[in-house]
Amino acid sequence: MAHHSDSSGRTVWLVCNEASGSNDEAAVDAVIAALGDAGLHVDRVLRFPDEPAPAAAELDAAEVDILCVFGGDGTTHSVVATAYGWCGKVLVLPGGTMNLLAKRMHGDRPAPEIIADLAGGAIRTARPKVIKSRHGIGLTGSLAGPGTVWNEVREAMRKANILEFVATAREAISQSANGPKVVCAEVDCGREEGYAAITVVPHDDGLEANGYYAESLGDFAGQGIALINRNFRDGPHDELGRHAQLRLVCPTGEPMGLLIDGEPFDGGAEEIFELAPCEVDLVTTMEFDG
């Protein structure tokens, strides 16, 4: 359920990351100008990761009302996770490559257009359902299995490092085929032999799981391109349903590859994911349904 409050007289901080996909100095200046035009004047700009994401205590001490984050999904994950439990509002703006949480809260729109909707009116907030695990929260989703090695290919591509790209792509194809698969240990939850990757995406009515496999060179190419672009739904996959809780297991007992919100974590041989409400108010500019 969304809640509303007035946008006037607010103390606003902005966290940005110039290493994100669409977050150069000109873009940051445009966001600051748009916020000012909307009556949300920025009191402080923090350059992440050179400056750490602010914790709830720091935000409370400075009497911050709105914390804006302008970066990719990884930056957004760090900022929201660090602010968890804070009583203020977090405005997520699209400043990266995929911008999955920003799309969830505002639709697929540029930052200035989102900010313009906040001018002079009530600010709507929501607490969407997220993933809870032993690693913390997942705001947009997790990916488990040997297919997570494609994240290294994506990073090489983003750095325009051709030699590294070729080497990591070759390794990704090998790992997708021969690495320890991951099984969804729920009733009637896909292939018994497991998958090269399983995605878990939070929705209001459950955790959506999909299993991705690679059984031919064509599947490798399709899955690889999909994983590089973080657009997992484009890869060949099985729908594994929606669940309140998911247990993913590597049958061989080896640690599984794991990405949460696009960032790598040390996965174990078993990982449990649960659906939980976000513990900070996120600004939304649409009728939020989770």
Side-chain angles (χ1 to χ4, degrees), residues 15-17 19-23 46 48-49 52-55 67-86 90-106 108 111 126-145 147-155 157-158 182 197-204 206-210 212 226-235 246 248 256-268 271-284 290:
V15 179
C16 57
N17 184 352
S20 297
S22 54
N23 204 307
L46 295 92
F48 184 88
L67 177 63
C68 303
V69 53
F70 181 51
D73 292 319
T75 300
T76 299
H77 172 97
S78 296
V79 170
V80 174
T82 304
Y84 235 48
W86 179 49
V90 178
L91 170 61
V92 177
L93 299 172
T97 305
M98 291 298 290
N99 306 307
L100 295 176
L101 185 60
K103 289 176 182 176
R104 191 178 178 191
M105 305 310 295
H106 309 291
D108 189 4
R127 293 197 170 198
K129 294 293 178 62
V130 299
I131 298 170
K132 180 181 178 181
S133 75
R134 68 186 183 93
H135 304 281
I137 60 168
L139 299 169
T140 61
S142 68
L143 174 69
T148 55
V149 71
W150 284 97
N151 185 63
E152 298 175 22
V153 184
R154 182 173 62 90
E155 290 301 311
M157 185 177 69
R158 186 165 71 173
V182 176
I198 294 178
T199 58
V200 181
V201 177
H203 298 277
D204 224 28
L207 299 173
E208 176 189 356
N210 289 287
Y212 293 76
L227 292 175
I228 286 173
N229 291 323
R230 299 266 309 284
N231 193 5
F232 305 128
R233 294 176 182 84
D234 286 349
L246 275 171
L248 303 185
M256 67 182 73
L258 184 63
L259 299 174
I260 299 176
D261 292 343
E263 299 297 308
F265 287 80
D266 293 327
E271 294 289 345
I272 295 175
F273 303 97
E274 297 177 301
L275 191 68
C278 182
E279 294 183 15
V280 67
D281 289 332
L282 302 183
V283 175
T284 180

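Here, residue 1 is the first one in the sequence, and each next residue gets the next number.
- Using modelled atom types and a 3.5 Å distance limit, the side chains of T140 and D261 yield a donor-acceptor pair.
- Between the T199 side chain and the L143 main chain, no donor and acceptor come within less than 3.5 Å of each other.
- The CZ atom of F265 sits 7.5 Å away from the OG atom of S133 when rounded to the nearest 0.5 Å.
- Between I198 and V182 the shortest heavy-atom distance is CD1-O, 3.6 Å.
- A donor-acceptor distance shorter than 3.5 angstrom exists from the side chain of Y84 to the backbone of E279, with no hydrogens or angles considered.
- Looking only at side-chain heavy atoms (C-beta outward), D204 and P128 stay at 4.5 Å or farther from each other.
- Minimum interatomic distance between P94 and A102 (heavy atoms only, all atoms of both residues): N-CB, 3.8 Å.
- Legend: salt bridge (charged side-chain N to carboxylate O under 4.0 Å, His left out) pairs involving residues 134-144, not counting sequence neighbours, sorted by first then second residue: R134-E271.
- Looking at heavy atoms from C-beta onward, D281 lies in side-chain contact with R127 at the 4.5 angstrom threshold.
- Residues satisfying the side-chain contact (heavy atoms from CB on, under 4.5 Å) criterion with L275, sequence neighbours excluded, are K129, P202, L207.
- A 4.5 Å side-chain heavy-atom check between V92 and V90 finds at least one atom pair inside the cut-off.
- Every residue meeting the side-chain contact (heavy atoms from CB on, under 4.5 Å) condition with E274, not counting sequence neighbours, appears here in chain and number order: K132, Q245, I272.
- Scanning all heavy atoms of the two residues, the minimum distance from L46 to P54 falls at CD2-CD, 4.3 Å.
- Looking at heavy atoms from C-beta onward, H106 lies out of side-chain contact with N99 at the 4.5 angstrom threshold.
- When atom types are taken as modelled, the side chain of K103 and the backbone of M98 share a donor-acceptor pair closer than 3.5 angstrom.
- A distance of 9.5 Å separates OG1 of T82 from CG of L67, quoted to the nearest 0.5 Å.
- Counting all heavy atoms, side chain and backbone alike, T75 lies closest to V69 at CG2-CG2, 4.1 Å.
- Between L101 atom CG and L282 atom CG the span is 6.0 Å, to the nearest 0.5 Å.
- Taking the side chain as every heavy atom from C-beta outward, M105 and V283 never approach each other to under 4.5 Å.
- Considering all non-hydrogen atoms of both residues, M256 and A144 come closest at SD-CB, 3.8 Å.
- From H135, atom NE2 reaches atom CG of L258 across 5.0 Å, with rounding to the nearest 0.5 Å.
- Between N17 and P49 there is a side-chain heavy-atom pair separated by less than 4.5 Å.
- Residues that satisfy the ring-ring contact (aromatic ring centres under 6.0 Å, His included) test with F48, not counting sequence neighbours, are absent from this structure.
- Atom CG of D73 and atom OG of S78 lie 11.0 Å apart (nearest 0.5 Å).
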Q: For I137 and H77, run side chain to side chain contact (heavy atoms under 4.5 Å, CB included): C-alpha distance rounded to whole Å, both residues' side-chain angles, the deciding distance at 0.1 Å, then the answer.
A: CA-CA 8 Å; I137 60 168; H77 172 97; 4.3 Å; yes

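- For the pair H203 (side chain) and V130 (backbone), a donor-acceptor distance under 3.5 Å is absent.
- Between F273 and L248 the shortest heavy-atom distance is CE1-CD1, 3.6 Å.
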